[in-house]
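Take a look at the structure set out below.
Letters A, B, ... are given to chains in the order of the sequence lines, protein chains preceding strands, and every chain is numbered from 1.
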Amino acid sequence: MLDIKYLRQNIDVVRKKMDERGQKIDFDRFLELDAKRRDILQSVETLRNERNSVSKQVGELKKQKADASALIEKMGEVSSKIKEYDESLRVIEEDLNAFVMIVPNMQHESVPQGQGSEDNPVVRVWGEKPVFDFEPKQHFDLGENLNILDFARGAKIAGARFTVYRGAGAQLERAIFNFMLDLHTEKHGYTEVLTPFMVNQESMTGTGQLPKFKEDLFKIEGMEYYLIPTAEVPVTNIYREEILDEEMLPIHLVAFSPCFRAEAGSYGKDTRGLIRQHQFNKVEMVKFSKPENSYDELEALTADAEDVLKRLGIHYRTVCLCTADLGFSSAKTYDLEAWLPGQNAYREISSCSNFEDFQARRASIRFRRKESGKVEFLHTLNGSGLAVGRTVVAVLENYQQADGSIVIPEALRPYMRGLERIVP
RNA sequence: GGAGAGAUGGCUGAGUGGUCGAAAGCGAUCGCCUGCUAAGCGAUUGUACGCCCUUCAAAGGUGUACCGCGGGUUCAAAUCCCGCUCUCUCCGCCA
């Protein structure tokens with residue numbers, strides 16, 4: 001969430017930023033609520049002050065066995081007035097809170113303006129489209145022909161958007177996330193964490209999924225638990241409501257987790273194959289950074305994600321999300337789009353974002369400056385490193401052969417017990 | 001699932017209705033002392049939200065709230081009552 005004080009003092013800046021993001025937000029209502037809140041707060045605090053000092057007098061009088069009934073009676077009135085004010089304050093703060101919780105983050109000044117994903121500029125391209133002397137197939141056909149992906153039985157067991165992996169397919173998925181975890185921990189300096197796959201409401205609010213995106217989440221029936229849509233949620237919330245020492249920063253964490261998404265509103269989109277599942281695996285990188293370093297950290301984070309694709313030899317491009325395409329909590333996001341020959345398209349395989357202090361303020365994650373002793377919000381970042389299922393798709397489609405077999409990329413072979421090719 | 005104990009500041013831990021934002025100790029920071037280190041001495045040491053001051057901010061001043069969370073009783077709650085959450089111990093069950 002945004003800083004209320006900043007919002008109050010720089011309302012025009014925020015209006016302009018939200019305008020650029022295509023967000024319609026009633027800031028007049030905010031200003032009204034905010035003014036009302038401070039007004040009531042002052043009244044109630046004055047009364048509390050009176051009550052506190054008079055109550056002290058009552059204590060004195062009682063000690064001297066003197067009569068305090070007049071004061072007590074008067075304070076009875078004050079107390080009930082305080083109760084009234086408290087109630088209206090509670091209502092206003094609830095409204096105010098509900099308001100600030102649904103205002104998106106402000107984009108960084110370097111974020112390009114645009115109307116949609118077609119306006120996302122390509123900032124980098126790596127590799128080239130592979131050339132085939134046959135018509136490349138899509139991954140679901142390849143997978144079914146090789147008997148390593150079984151969509152029909154996934155649907156039978158659970159439903160649409162669930163898949164059974166079999167044999168070399170299951171092994172490939174496992175090989176890919178182990179390869180990613182090893183790469184990020186051994187070569188990129190991240191610390192691996194393994195967190196709960198269900199979280200409470202506070203954690204979902206901390207990273208921005210709640211209250212605005214409830215319909216995207218799976219909730220456990222009868223309990224206050226939600227299935228995580230990304231490891232970003234539990235990992236970022238590791239330090240929720242904590243004040244870290246400056247020397248602890250930066251913190252670089254990497255986590256494997258399954259991710260669960262309701263995919264409400266994406267009916268009819270990517271219905272076949274592994275691209276859009278209710279459950280998929282992901283390796284996620286999360287960073288906690290000092291504010292002055294967070295944009296350098298974002299570049300490094302993106303490079304770490306890109307390194308996975310480079311080592312797998314998969315052609316990709318990096319785009320910078322424009323104002324219209326930027327996620328709710330993000331100040332700046334790079335998407336990595338892998339080339340999928342079967343689809344003849346680039347598809348998102350990683351998303352790397354700097355949230356600045358947006359999540360940190362929601363989740364109250366702060367650090368103390370060593371020099372000044374001052375406490376301030378840190379910056380959080382995260383990026384997929386990478387989406388595992390989509391990486392399987394990319395490997396299958398890019399490494400397919402004319403006979404329908406799949407050559408295993410060199411980097412994955414140690415994780416496949418030396419297997420060089422998946423054959424029917 | 002059953003029985004019991006507990007949750008207080010960075011940490012340990014005292015506090016059973018008013019003088020408690022909270023003793024004491026540890027730690028940390030600053031200063032003094034000291035040939036250096038240690039010891040010793042002194043001071044400081046939470047967070048949030050308002051208001052005043054200030055061009056803004058910082059600093060400073062001032063007020064309010066916060067002793068796991070939420071409610072209640074009372075002129076007054078860390079302290080009494082109710083509900084919840086979490087932690088620990090024992091029993092049962094269990095991968």
When all nucleic acid strands are considered with a 4.0 Å heavy-atom cut-off, which category describes A:Lys62: base, sugar-phosphate, or nothing? base

Side chain A:Gln42 and base B:G50 donor-acceptor under 3.5 Å: no

With sugar-phosphate meaning primed atoms plus P, OP1 and OP2, does A:Val54 contact a base, only sugar-phosphate, or nothing at under 4.0 Å between heavy atoms? nothing

Base, sugar-phosphate, or nothing: which does A:Val44 touch, judged by heavy atoms less than 4.0 Å apart? nothing

Indicate whether the side chain of A:Glu299 and that of A:Tyr334 have a donor and an acceptor atom separated by less than 3.5 Å. yes

If pairing requires Watson-Crick or G-U wobble contacts with both distances under 3.5 Å, which nucleotide is the partner of B:G17? none

Under 4.0 angstrom between A:Asn49 side-chain N/O and B:U62 OP1 or OP2: no

Sugar-phosphate only, base, or nothing, as touched by A:Leu41 at under 4.0 Å among non-hydrogen atoms: sugar-phosphate

Considering only heavy atoms, which members of residues 360-367 of chain A lie under 4.0 Å from some atom of RNA chain B? A:Arg366

As its Watson-Crick or G-U partner within any shown strand, both distances under 3.5 Å, B:U12 has B:A24

Does A:Lys374 reach a base, just sugar-phosphate, or nothing at all? Heavy atoms under 4.0 Å. sugar-phosphate

Would you indicate what A:Arg90 reaches in the nucleic acid, counting non-hydrogen atoms under 4.0 angstrom: base, sugar-phosphate, or nothing? nothing

